[in-house]
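Report on one structure; see the data block that follows.
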Amino acid sequence: MTEADNGRRWSVGELARATGLTVRALHHYDQIGLLTPQQRTLSGHRRYTEHDLRRLYRIRALSALGLSLDEIGSLLASQDDELTALQTLLTAQLDGLNTQAARINELRIRIDGLLQRIATRQMPDPDQFMSTLELITVYETYFTQEQRDQLAERRAALGPEAIEAAKHEWASLVEALLPHAEANTPVDTPEVADLIVRYRALGARFHPPAEQGEQTTAAANRMWQENSQELASRLPWPPDRMIALINYIAQAH
């Protein structure tokens with residue numbers, strides 16, 4: 001018995017009921033050597049110890065983080081220090097929950113806005129709901145969950161005031177660049193080059209740094225290229241002008 005083990009034992013049925021798992025799942029973990037009960041009764045029945053319970057927690061937590069059972073088995077086999085391994089795992093879980101909380105808070109703000117509109121006896125029309133759902137679907141198609149989490153973290157870090165200021169700055173840059181795009185002013189003209197640098201720097205604020213930012217930027221570009229007409233139709237300028245503007249800016253690469 002280890003120092004952290006006070007002698008409690010569970011049958012497979014008791015552990016299944018207490019953790020919400022099925023007996024079948026626990027038997028499967030045993031069969032593949034991922035979680036083999038450390039003790040058995042004289043009649044051969046499984047008895048799980050506190051050490052087994054901690055190992056089960058790590059298995060379930062790692063599975064929730066996206067690891068396969070084979071990957072979990074290899075990782076657990078390589079971890080000798082249980083306390084350090086648990087600390088690392090719990091830290092990763094907490095980071096994930098904080099990111100999820102940021103997404104939930106963003107959704108809460110949006111729903112609160114809808115409720116405020118309804119409170120004034122104004123029902124959001126079907127097009128508003130459908131367009132929002134459509135954009136959510138497009139967004140989820142081009143960005144992985146990890147990338148969506150990274151983008152949500154950046155928005156949370158910026159805060160609502162900075163985001164609102166960025167929207168106004170972006171609109172000003174669009175207004176300044178549109179005449180140049182329509183006149184096909186060379187993109188290496190100093191005035192235009194400066195505007196494009198500012199335009200891209202503004203967009204970069206909303207992406208994570210380094211390689212992760214390059215990946216989310218590439219995903220955003222793909223999303224625009226394949227859905228430009230639909231996305232541009234939701235902006236306050238004529239879609240054709242916005243599509244031409246984005247193509248014009250792309251020439252500066």
Side-chain angles (χ1 to χ4, degrees), residues 1-109 111 136-137 139-157 208-213 215-216 219:
M1 184 183 305
T2 65
E3 183 179 350
D5 191 335
N6 65 11
R8 294 186 64 185
R9 302 289 181 267
W10 296 267
S11 69
V12 64
E14 290 169 341
L15 188 62
R17 286 191 295 273
T19 60
L21 294 169
T22 64
V23 170
R24 182 178 178 181
L26 292 173
H27 281 168
H28 179 61
Y29 290 163
D30 187 4
Q31 290 166 1
I32 64 176
L34 193 58
L35 179 65
T36 300
Q38 290 197 330
Q39 293 186 1
R40 290 180 181 262
T41 65
L42 293 176
S43 56
H45 294 296
R46 297 171 176 81
R47 287 296 181 265
Y48 291 87
T49 66
E50 292 188 16
H51 178 271
D52 295 326
L53 176 60
R54 293 192 297 271
R55 184 177 176 89
L56 176 60
Y57 183 92
R58 292 162 68 189
I59 291 169
R60 298 300 295 167
L62 289 168
S63 178
L65 292 174
L67 275 70
S68 69
L69 294 183
D70 287 342
E71 291 170 331
I72 292 171
S74 298
L75 182 60
L76 293 181
S78 67
Q79 295 177 335
D80 296 326
D81 187 337
E82 186 181 18
L83 274 177
T84 299
L86 278 170
Q87 182 181 33
T88 301
L89 178 59
L90 290 169
T91 299
Q93 277 192 300
L94 185 59
D95 288 343
L97 288 171
N98 286 335
T99 299
Q100 185 179 4
R103 292 202 309 270
I104 292 173
N105 186 57
E106 182 180 356
L107 180 59
R108 182 192 63 77
I109 292 171
I111 293 175
I136 290 172
T137 302
Y139 184 63
E140 291 179 347
T141 298
Y142 289 90
F143 296 93
T144 66
Q145 182 62 59
E146 181 181 5
Q147 289 173 334
R148 295 198 296 272
D149 291 344
Q150 292 167 354
L151 293 170
E153 287 177 358
R154 292 296 296 171
R155 291 195 300 272
E211 183 180 353
Q212 294 175 334
Q215 292 171 352
T216 56

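What you see is a predicted model, and the numbers here were worked out from it, not measured in a lab.
Without hydrogens or angle criteria, T88 side chain to T84 main chain gives a donor-acceptor distance under 3.5 Å. With T36 contributing its side chain and G33 its backbone, the two residues share no donor-acceptor pair below 3.5 Å.
Here NE2 of H27 is found 9.5 Å from OG1 of T22. Values are rounded to the nearest 0.5 Å. Rounded to the nearest 0.5 angstrom, E50 CD and R9 CZ are separated by 7.5 Å. Taking CD of E211 as the reference point, atom CD of Q215 lies at 5.0 Å (rounded to 0.5 Å). Interatomic distance, L34 CG to I59 CD1, rounded to the nearest 0.5 Å: 3.5 Å. With rounding to the nearest 0.5 Å, the separation of CD in Q39 from OG1 in T49 is 6.5 Å. Rounding to the nearest 0.5 Å gives a distance of 5.0 Å between OG1 of T216 and CG of L151.
Using a 4.5 Å heavy-atom threshold, the side chains of L15 and D52 count as separate.
By the salt bridge (Lys or Arg N to Asp or Glu O under 4.0 Å) test, R46 is found to be paired with D30, residues two or more places apart in sequence or in another chain being considered. Residues passing the side-chain contact (heavy atoms from CB on, under 4.5 Å) test with A85 are R58, Q79, sequence neighbours excluded. Every side-chain contact (heavy atoms from CB on, under 4.5 Å) that T91 has, sequence neighbours left out, goes to Q87, D95. The side-chain contact (heavy atoms from CB on, under 4.5 Å) test applied to L21 returns T19, L26, L56, R60, not counting sequence neighbours. Listed by chain and number, the residues in a side-chain contact (heavy atoms from CB on, under 4.5 Å) with S74 amount to none (sequence neighbours excluded).
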Show the numbers, then the answer: is there a side chain to side chain contact (heavy atoms under 4.5 Å, CB included) between L90 and Y57?
CA-CA 10 Å; L90 290 169; Y57 183 92; 3.5 Å; yes

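When every heavy atom of A61 is checked against every heavy atom of L89, the shortest pair comes out as CB-CD2, 3.6 Å. Minimum heavy-atom separation, W10 to L53: CH2-CD2, 4.1 Å.
For residues 10-24, no residue pair satisfies the salt bridge (Lys or Arg N to Asp or Glu O under 4.0 Å) rule, not counting sequence neighbours.
Of the options R154, Q147, E146, a side chain to side chain contact (heavy atoms under 4.5 Å, CB included) to P208 is made by R154 and by none of the others.
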